[in-house]
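To start, the structure under review is shown below, and the notes come after it.
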Amino acid sequence: MATYREQGIVLRTYKLGETDRILHVCTQGRGKVRAVAKGVRRPGSRFGGRLEPYSHVDLQLYEGRNLDIVNQAELIAPHARVREDFALSACAGTMTELTDAVAQEGERDNALFLLLRAGLQALDAAPPDPAVFVDAFLLRLASIVGFHAFTDACAVCRTPGEHAFLSVKAGGTLCATCAPTGTRAVDREVVHAVRLLGAPGEWSALPSIVRDHPDAQRTAASYVRAFVEHHLDRRLRSYDLVPRA
């Protein structure tokens with residue numbers, strides 16, 4: 001069997017038999033990899049503790065017919081604090097749930113890998129309001145896979161400007177001409193919150209939304225969930241566990 005080496009983040013694990021475990025890993029070079037870690041549930045396993053959910057690992061694997069086989073595993077970032085804290089773990093669980101749903105086996109998606117890594121690093125710092133990082137992650141992931149929430153132009157006619165109508169189905173703000181009857185108009189702060197949540201790389205500025213405009217942040221969070229579930233056609237089961245201030 002051919003061997004290869006990859007960095008990856010463990011998305012989820014399943015028990016297999018008495019001592020083995022199946023892993024779903026978001027890798028930097030091969031997209032999602034499904035692999036078996038043999039004997040990791042046995043006492044004294046060489047790398048059982050390194051293959052926990054949310055761990056960033058360096059792996060050596062054998063290529064298998066259906067599942068690859070983990071031969072070596074080295075920790076890069078364990079994210080143990082995230083696993084041990086209920087609120088942080090709930091947030092990370094939502095991130096990994098959606099990543100597992102959209103990542104494709106054998107298809108490299110470096111942007112997705114880097115987004116997940118950044119999201120887990122943000123949670124590892126134990127922020128006081130971790131839920132806002134989940135909302136940012138979801139909206140940015142949706143953009144990576146082709147569903148961008150427009151906030152600087154009309155989502156239908158692309159007329160530039162800050163428009164007051166916000167639509168889940170259309171994919172962002174709408175001008176008065178394109179907004180159907182009944183489309184919701186929102187405060188300017190809500191549009192600003194959605195824009196900041198979706199802005200690539202703006203992690204450090206996110207806590208300011210909760211601190212300065214908590215009502216707008218709550219409305220933006222509801223919009224993000226509806227937007228992602230509608231366009232990705234998937235209910236986010238873990239999202240209900242995410243703690244909210």
Side-chain angles (χ1 to χ4, degrees), residues 8-14 23-28 30-34 53-54 89-120 122-123 130-156 158 165-174 178 180 183-184 186 190-191 193-203 206 209 217-244:
I9 295 170
V10 180
L11 302 175
R12 61 192 310 179
T13 67
Y14 305 89
L23 314 172
H24 287 192
V25 185
C26 178
T27 70
Q28 193 162 14
R30 295 188 175 216
K32 183 165 70 176
V33 168
R34 296 188 306 132
Y54 321 142
S89 182
C91 293
T94 303
M95 293 179 179
T96 54
E97 176 192 345
L98 194 57
T99 301
D100 194 32
V102 303
Q104 300 297 311
E105 294 182 51
E107 293 187 14
R108 185 177 188 271
D109 193 336
N110 196 48
L112 180 60
F113 172 84
L114 293 176
L115 177 66
L116 179 58
R117 188 182 69 175
L120 291 174
L123 295 179
V132 70
F133 293 95
V134 178
D135 298 326
F137 177 88
L138 297 179
L139 202 58
R140 295 170 192 190
L141 182 147
S143 182
I144 286 173
V145 299
F147 299 101
H148 179 69
F150 288 88
T151 55
D152 294 318
C154 175
V156 174
R158 300 294 192 269
F165 297 95
L166 191 59
S167 169
V168 169
K169 185 177 180 181
T173 54
L174 298 176
C178 294
T183 303
R184 184 181 181 185
V186 298
V190 174
V191 176
V194 173
R195 180 182 299 120
L196 187 57
L197 290 171
E202 291 293 335
W203 295 97
L206 293 176
I209 307 177
Q217 190 275 328
R218 282 190 286 270
T219 301
S222 298
Y223 176 80
V224 168
R225 180 178 190 175
F227 179 91
V228 171
E229 290 188 334
H230 173 78
H231 290 284
L232 272 63
D233 193 23
R234 181 180 181 86
R235 183 176 180 272
L236 299 172
R237 293 175 296 176
S238 302
Y239 192 89
D240 292 328
L241 300 176
V242 174
R244 297 281 170 178

From [X] atom [atom1] to [Y] atom [atom2], the distance as rounded to the nearest 0.5 Å:
X	Y	atom1	atom2	value
L236	L241	CG	CG	11.5 Å
T99	I144	OG1	CD1	9.0 Å
L166	T219	CG	OG1	9.5 Å
T173	D152	OG1	CG	7.5 Å
C178	F165	SG	CZ	11.0 Å
L197	F133	CG	CZ	10.5 Å

For [X] and [Y], work out which heavy atoms get closest and say how close.
X	Y	value
W203	A118	NE1-CB, 3.7 Å
F227	A142	CE2-CB, 4.0 Å
A155	A170	CB-O, 3.5 Å
L116	F137	CA-CE1, 3.6 Å
L196	L206	O-CD2, 3.9 Å
P243	A131	O-CB, 3.4 Å

Side chain to side chain contact (heavy atoms under 4.5 Å, CB included) evaluation trace for L232 with F147: CA-CA 8 Å; L232 272 63; F147 299 101; 3.8 Å; yes
Check for a donor-acceptor pair, side chain of [X] on one end and backbone N or O of [Y] on the other, with a separation under 3.5 Å.
X	Y	answer
T183	L174	no
R108	R30	no
E229	R235	no
S143	L139	no
R12	E97	no

Note: R34-D100 ion pair, threshold 4.0 Å (strictly below): no
Test log, rule side chain to side chain contact (heavy atoms under 4.5 Å, CB included), inputs M95 and L11: CA-CA 9 Å; M95 293 179 179; L11 302 175; over 6 Å; no
From CA spacing to verdict: side chain to side chain contact (heavy atoms under 4.5 Å, CB included), I9, V25: CA-CA 5 Å; I9 295 170; V25 185; 5.7 Å; no
Centroid separation H24 to Y14 less than 6.0 Å: yes
Short side-chain donor-acceptor distance under 3.5 Å, D109 and Q104: no
Any side-chain donor near an acceptor of the partner, Y223 and D135, under 3.5 Å: no
Over 12 non-hydrogen atoms of neighbours within 6.0 angstrom of CG in D240: yes
Heavy atoms from other residues, nucleotides or ligands near CZ of R158 exceed 12 (cutoff 6.0 Å): yes
Heavy-atom check, side chain of R218 versus side chain of V190, under 4.5 Å: no
Close side-chain approach of E105 to V33, heavy-atom, < 4.5 Å: no
Test log, rule side chain to side chain contact (heavy atoms under 4.5 Å, CB included), inputs L138 and R225: CA-CA 8 Å; L138 297 179; R225 180 178 190 175; 5.7 Å; no
side-chain hydrogen bond (donor to acceptor under 3.5 Å, both in side chains) evaluation trace for R237 with Y239: CA-CA 6 Å; R237 293 175 296 176; Y239 192 89; over 6 Å; no
Parallel, tilted or perpendicular, as decided by the 30° and 60° cut-offs, for the rings of H148 and F150: perpendicular
